[in-house]
> 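Structure provided below as structure tokens; questions to follow.
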Amino acid sequence: MQAGTASAIDHGRTELNKILLGQAGVVDQCLLALLCRGHVLLEGVPGIGKTLLGKLVGHLVGLKFQRVQCTSDLMPADISGGNILNAATSKFELHRGPVFTDLLLVDEINRMPPRTQAALLEAMEERQVTIDGIRHSLARDFTVFATQNPVEFEGTYPLPEAQLDRFLLKVKMGYPSANDEVEVLASHHRGFDAHDLSTLDLKPLPAGWLEEARDKAAHITIQPELLRYVSNIVRKTREWPALMLGASPRAGVALMQVAKAKAVLDGRDYLIPDDVKSVVAPTLRHRVRLRPEAELEGFSSDDILTQLVGSVEVPR
């Protein structure tokens with residue numbers, strides 16, 4: 001691992017953790033998604049910093065940033081854009097929507113109606129949009145950070161399995177600790193303004209670090225036993241008694257890619273079992289479905305995945 005890549009990653013972690021107090025695990029998972037060119041579904045109650053996280057990541061990494069606030073009447077053209085008649089020239093000109101960016105923050109994605117969800121799905125999967133029958137390519141780094149509120153259901157449209165599967169990670173943001181929350185209050189008392197990132201003392205990451213880190217992740221050494229370990233975990237979800245829907249082969253590929261990025265984040269050029277175990281929950285929690293009886297007993301996807309991983313033999 002080159003020193004430049006490791007120092008850039010450490011710098012990114014430090015800068016984000018200065019602002020997002022008590023969210024170190026969430027910060028790491030978002031960096032993992034960037035290294036894998038993957039999309040992130042952020043789940044947490046309002047006011048916990050989901051939108052701020054997306055803005056900070058874009059600002060720090062130097063990505064062009066756009067935001068969409070989802071409502072029940074949001075139309076596909078509101079995110080992709082459309083051809084608009086120019087009265088001066090009497091010709092139609094392409095008006096590019098917010099999806100033409102590097103990092104798109106989609107706030108309250110579960111308020112987006114199904115037709116618009118389908119348009120976003122094309123952008124996420126193909127990194128392109130179709131406007132009036134013509135395909136338009138999106139940025140090579142196009143990434144979606146979508147947020148949803150886990151406790152509010154009125155006026156929402158549950159995301160179908162096909163769309164959930166397009167998110168590389170589902171990241172859960174919890175409340176900060178008591179000490180971290182006191183520090184949040186102190187920083188706001190000192191004048192912190194989440195709406196004006198230019199006032200923050202954030203030192204952007206050096207140009208080219210992201211491509212270098214992605215190259216490192218692509219060339220991580222993986223022993224055959226670890227490939228079998230990943231496969232065994234994924235296959236186990238399909239036969240686990242508490243699960244009615246297990247993970248697909250695509251989920252297995254995602255688990256391997258995220259584990260490789262975790263090795264890079266930790267400064268190694270080889271994979272170890274702990275890399276895999278540490279990313280099982282964010283990679284698979286939205287790709288499996290619990291049986292109703294397991295939900296009635298109070299189990300969550302994370303609980304079941306923890307039990308499941310513990311039952312799989314770890315390679316030596």
Side-chain angles (χ1 to χ4, degrees), residues 9-36 38-71 98 101-112 143-153 156 159 164 167-205 258 261 265 278-279 281-283 285-286 300 302:
I9 290 172
D10 287 342
H11 170 72
R13 280 169 150 168
T14 301
E15 292 295 287
L16 289 172
N17 287 324
K18 283 195 308 187
I19 309 299
L20 295 160
L21 300 171
Q23 302 290 355
V26 172
V27 165
D28 276 7
Q29 290 171 33
C30 289
L31 291 176
L32 289 175
L34 283 181
L35 263 61
C36 297
H39 308 294
V40 178
L41 180 60
L42 288 164
E43 185 176 271
V45 298
I48 209 161
K50 301 186 299 294
T51 303
L52 176 61
L53 171 60
K55 292 167 66 176
L56 285 172
V57 170
H59 181 76
L60 186 70
V61 180
L63 299 176
K64 184 181 177 184
F65 177 85
Q66 293 280 2
R67 177 179 176 270
V68 172
Q69 178 63 54
C70 296
T71 59
T101 189
D102 295 325
L103 181 59
L104 179 66
L105 179 67
V106 182
D107 255 333
E108 296 188 280
I109 189 173
N110 50 343
R111 293 194 179 277
M112 182 184 288
T143 303
V144 171
F145 275 29
T147 73
Q148 70 175 12
N149 178 355
V151 297
E152 192 172 330
F153 300 104
T156 63
L159 296 179
L164 284 171
F167 287 99
L168 180 72
L169 300 177
K170 180 179 179 180
V171 178
K172 292 186 175 182
M173 291 188 71
Y175 291 112
S177 67
N179 289 337
D180 287 329
E181 196 156 1
V182 169
E183 184 55 37
V184 169
L185 295 173
S187 66
H188 278 78
H189 174 65
R190 294 191 295 266
F192 169 74
D193 183 2
H195 302 290
D196 187 5
L197 298 186
S198 63
T199 63
L200 303 180
D201 185 26
L202 283 177
K203 300 177 179 62
L205 288 163
V258 178
L265 225 60
S278 66
V279 298
T283 309
R285 60 167 59 115
H286 57 299
S300 68
D302 288 12

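Because only heavy atoms are used, hydrogens play no part in the values below, and waters and symmetry mates are left out as well, while side chains stay in.
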> Within the 4.5 Å heavy-atom criterion, are V68 and D107 side-chain neighbours or not?
no
> Please name the pair of heavy atoms, one in I48 and one in Y175, separated by the smallest distance, quoted to 0.1 Å.
CD1-N, 3.6 Å
> Side-chain contact test, heavy atoms from C-beta onward, threshold under 4.5 Å: evaluate it for Q23 versus D180 and give yes or no.
no
> Find the distance between CD1 (I19) and OG1 (T14) and round it off to the nearest 0.5 Å.
12.0 Å
> Quick one: OG1 on T283 to CG on L168, what's the gap to the nearest 0.5 Å?
6.0 Å
> Considering all heavy atoms of both residues, which atom of M112 and which atom of C70 are nearest to each other, and what is their separation?
CE-SG, 3.4 Å
> With sequence neighbours left out, write down each residue that passes ring-ring contact (aromatic ring centres under 6.0 Å, His included) with H188, or none if nothing qualifies.
F192
> Under 4.0 Å between a side-chain nitrogen and a carboxylate oxygen: does that hold for R190 and E183?
yes
> Taking all non-hydrogen atoms of both residues, which atom of V45 and which atom of N149 are closest, and how far apart?
CA-OD1, 4.2 Å
> Is the backbone N or O of L31 less than 3.5 Å from a side-chain atom of R13, with the two atoms forming a donor-acceptor pair by type?
no
> Taking atom CG of L60 and atom CG of L205, what is their separation to the nearest 0.5 Å?
4.0 Å
> With a 4.5 Å limit on heavy-atom distance, are the side chains of L104 and Q66 in contact?
yes
> When you measure from the side chain of K50 to the backbone of A146, do you find a donor-acceptor pair of N or O atoms at a distance under 3.5 Å?
no
> Considering non-hydrogen atoms only, spot the tightest contact between K172 and V26 and give its length.
O-CG2, 3.7 Å
> Dump the intermediate steps for side chain to side chain contact (heavy atoms under 4.5 Å, CB included) on V144 and I109, then the final yes or no.
CA-CA 11 Å; V144 171; I109 189 173; 5.7 Å; no
> Rounded to the nearest 0.5 Å, how far does OG1 of T143 lie from CZ of F65?
12.0 Å
> On a heavy-atom basis, which atom in C30 and which in L53 lie closest, and how many Å separate them?
SG-CD2, 3.5 Å
> Rounded to the nearest 0.5 Å, how far does CG of L42 lie from CZ of F167?
9.0 Å
> Please give me the minimum heavy-atom distance between V27 and N17, naming the atom from each residue.
CG2-OD1, 3.5 Å
> Counting distance only, does the side-chain N/O of E15 pair as donor-acceptor with the main-chain N or O of K203 below 3.5 Å?
yes
> Mind checking the CZ-OG1 spacing from R67 to T147? Nearest 0.5 Å is all I need.
8.0 Å
> Report yes if some heavy atom in the side chain of Q29 is under 4.5 Å from a heavy atom in the side chain of M173; otherwise report no.
no
